[in-house]
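Index from 1, following the sequence.
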Amino acid sequence: MSKILIIEDEAAIRRVLTKILSEENDTYQVEEAEDGAAGFEKIKNNDYDLVLCDIKMPKMDGVEVLEAVKKIKPEIPMVMISGHGDMETAINTMRLGAFDYISKPPDLNRLLNTVRNALDKKQLVVENKILKKKVSKNYEMIGESEAINHIKVMIEKVAQTEARVLITGPNGTGKELVAHQLHEKSERANFPLIEVNCAAIPSELIESELFGHVKGAFTSAVKDRAGKFEAADKGTIFLDEIGDMSLSAQAKVLRALQESMITRVGADKDIKVDVRVVAATNKDLNKEIAEGRFREDLYHRLAVILIKVPSLNDRREDIPMLISHFADKIASEQGNAVKKFSSAAINLLKEYDWTGNIRELRNVVERLIILGGSEISENDVKLFASK
């Protein structure tokens, strides 16, 4: 059922709109409010998929209702109803976030098309939120250790700012989870998060990958191509393993950070970009700087905020929670019942030397679920988890 609210001070127009919508689709549940104040009260206390709102009303006019609703429930599409003298105001409401406007007396086809389009948009918003929650769960930080709670607090403080963040820590600790959390909790969350693994791209291609190229810039450049910085415009770019980036690419990244400008390989035209940079490395960048492999000026540009992700050996108290999380996730992926781990099995796993960190633990849990008994025992761990 699509729940629609009509806010209109003229009873005759309310009745007409209600009749049209109810007869058009029996899944439309239509409610009415006789003025702006009453309508806003209903919106505060109920969930609506669409609001049709008159502009000129007593107590609270349509513009005031629109502005108030956008503050508390911005996802609700608002269609404004305007008299002939309200057309300029109606157009201005679009700038304030209205979905559309219809004039009195309402044209039947225009009204129904506008309602359908607004409801479709609302459905897309809902589906997008569900999808984002699923994505968010994939990048959830599991653990309640002091080290992990410190990182969670840091993320909450830093995410809403534009500060650049450098994430450090060994391989497999979950540095990418921190990057995703920073993006999802930021004002840029509705724009792309573009990930670049600097270690996986050959040094001769990294500049083209990051900044794009023009046709003919090099042998295989058969057409113009945008780079990752352009793709991340208004969003976030995550430069993973930045310690492996070539010095020439580092110089271009530095310029992008300083001037918010990039130049495609082979071009002479600058392109303005609005990108937040989050970087990560498993290397000691101070050592890399001392040995001439990393630019000190770039380091200071990137490391406005430093977040160090601990190794699993430094947060062993989180291992039982991580085992439970991975066991549930693997069972869901494979369509099987969740296997329990005995206390003895968990205690033995807590004693292991986790050189591969979270990634290694996840692989071990999957191996034990596949090869172990109906309940994972200490003996299963000894048999199948040994290195």
Side-chain angles (χ1 to χ4, degrees), residues 127 129-156 159 167-185 193 195 197 199-200 238 240-241 280 282 307-387:
E127 288 172 0
K129 279 190 173 181
I130 293 168
L131 184 60
K132 283 192 81 172
K133 278 183 181 175
K134 286 180 181 175
V135 171
S136 196
K137 267 195 164 289
N138 288 335
Y139 295 100
E140 190 179 358
M141 297 188 72
I142 307 299
E144 292 297 337
S145 62
E146 185 179 343
I148 287 300
N149 283 333
H150 175 68
I151 291 173
K152 289 177 182 177
V153 169
M154 287 275 285
I155 290 169
E156 291 296 332
I167 308 162
T168 63
N171 282 333
T173 52
K175 295 187 291 295
E176 72 281 3
L177 303 188
V178 177
H180 275 265
Q181 289 283 311
L182 285 166
H183 177 71
E184 287 175 9
K185 293 176 182 291
L193 169 64
E195 300 180 60
N197 187 334
F238 174 42
D240 198 8
E241 305 301 352
N282 63 351
I307 297 180
K308 184 178 179 181
V309 184
S311 68
L312 186 55
N313 288 340
D314 291 332
R315 48 178 288 220
R316 292 180 185 274
E317 61 267 47
D318 289 331
I319 288 176
M321 195 180 294
L322 285 162
I323 291 171
S324 176
H325 170 74
F326 289 138
D328 288 347
K329 191 173 175 63
I330 291 162
S332 175
E333 288 170 358
Q334 297 179 354
N336 297 326
V338 179
K339 282 191 178 183
K340 300 292 183 187
F341 282 65
S342 71
S343 298
I346 291 171
N347 288 334
L348 188 54
L349 288 170
K350 284 176 72 175
E351 294 172 10
Y352 271 56
D353 180 22
W354 296 103
T355 54
N357 294 292
I358 311 293
R359 197 174 294 141
E360 183 185 7
L361 175 62
R362 202 258 188 220
N363 291 343
V364 167
V365 169
E366 184 168 13
R367 190 188 314 149
L368 287 167
I369 286 171
I370 294 169
L371 301 176
S374 55
E375 180 183 75
I376 308 302
S377 66
E378 183 180 13
N379 193 51
D380 288 328
V381 173
K382 289 175 181 176
L383 282 172
F384 306 121
S386 57
K387 304 190 181 189

Practice problem: Using the salt bridge (charged side-chain N to carboxylate O under 4.0 Å, His left out) rule, take E333 and R362 through it: C-alpha gap first, then chi angles, then the decisive distance, then the call. | Solution: CA-CA 13 Å; E333 288 170 358; R362 202 258 188 220; 3.0 Å; yes
Verify, without hydrogens or angle tests, whether [X] (side chain) and [Y] (backbone) share a donor-acceptor contact under 3.5 angstrom.
X: K339; Y: I369; answer: yes
X: K175; Y: P170; answer: yes
X: E375; Y: S342; answer: no
X: K308; Y: G169; answer: no
X: W354; Y: L349; answer: yes
X: R367; Y: F384; answer: yes

Interatomic distance, [X] atom [atom1] to [Y] atom [atom2] [nearest 0.5 angstrom]:
X: K382; Y: L348; atom1: NZ; atom2: CG; value: 6.5 Å
X: E176; Y: L193; atom1: CD; atom2: CG; value: 11.0 Å
X: M141; Y: L322; atom1: CE; atom2: CG; value: 10.0 Å
X: I319; Y: E351; atom1: CD1; atom2: CD; value: 10.0 Å
X: I330; Y: E366; atom1: CD1; atom2: CD; value: 4.5 Å
X: I376; Y: I323; atom1: CD1; atom2: CD1; value: 10.5 Å

Quiz item: Which is it for N363 and F326 under the side chain to side chain contact (heavy atoms under 4.5 Å, CB included) test, yes or no, and what are the steps along the way?
Solution: CA-CA 9 Å; N363 291 343; F326 289 138; over 6 Å; no
Is a side-chain donor-acceptor pair under 3.5 Å present for [Y] with [X]?
X: E140; Y: H325; answer: no
X: N357; Y: N171; answer: no
X: D240; Y: N197; answer: no

Exercise. For K185, check side chain to side chain donor-acceptor pair (under 3.5 Å) against everything at least two apart and list the hits.
Key: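 Testing K185 for side chain to side chain donor-acceptor pair (under 3.5 Å), a comparison that skips the adjacent residues, returns E156.
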Quiz item: Who passes side chain to side chain donor-acceptor pair (under 3.5 Å) against N347, sequence neighbours left out?
Solution: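 Applying side chain to side chain donor-acceptor pair (under 3.5 Å) to N347 gives none.
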Taking all non-hydrogen atoms of both residues, which atom of [X] and which atom of [Y] are closest, and how far apart?
X: R316; Y: K350; result: NH1-O, 2.6 Å
X: P310; Y: T173; result: O-CG2, 3.4 Å
X: Q181; Y: Y139; result: NE2-O, 3.1 Å

Quick one, [X] and [Y] - any side-chain contact, counting heavy atoms below 4.5 Å?
X: T168; Y: N282; answer: no
X: D380; Y: L371; answer: no
X: Y352; Y: N313; answer: no

Self-check item: Where at least one partner belongs to residues 144-153, residue pairs that pass side chain to side chain donor-acceptor pair (under 3.5 Å), sequence neighbours excluded
Solution: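 Every pair satisfying side chain to side chain donor-acceptor pair (under 3.5 Å) with a residue in residues 144-153: S145-D318.
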Quiz item: Do F341 and V365 pass the side chain to side chain contact (heavy atoms under 4.5 Å, CB included) test, and can you show the C-alpha distance, the side-chain angles, and the key distance before you say yes or no?
Solution: CA-CA 10 Å; F341 282 65; V365 169; 3.9 Å; yes
Exercise. May I have the step-by-step check of side chain to side chain contact (heavy atoms under 4.5 Å, CB included) for R315 and I358, ending in yes or no?
Key: CA-CA 11 Å; R315 48 178 288 220; I358 311 293; 3.5 Å; yes
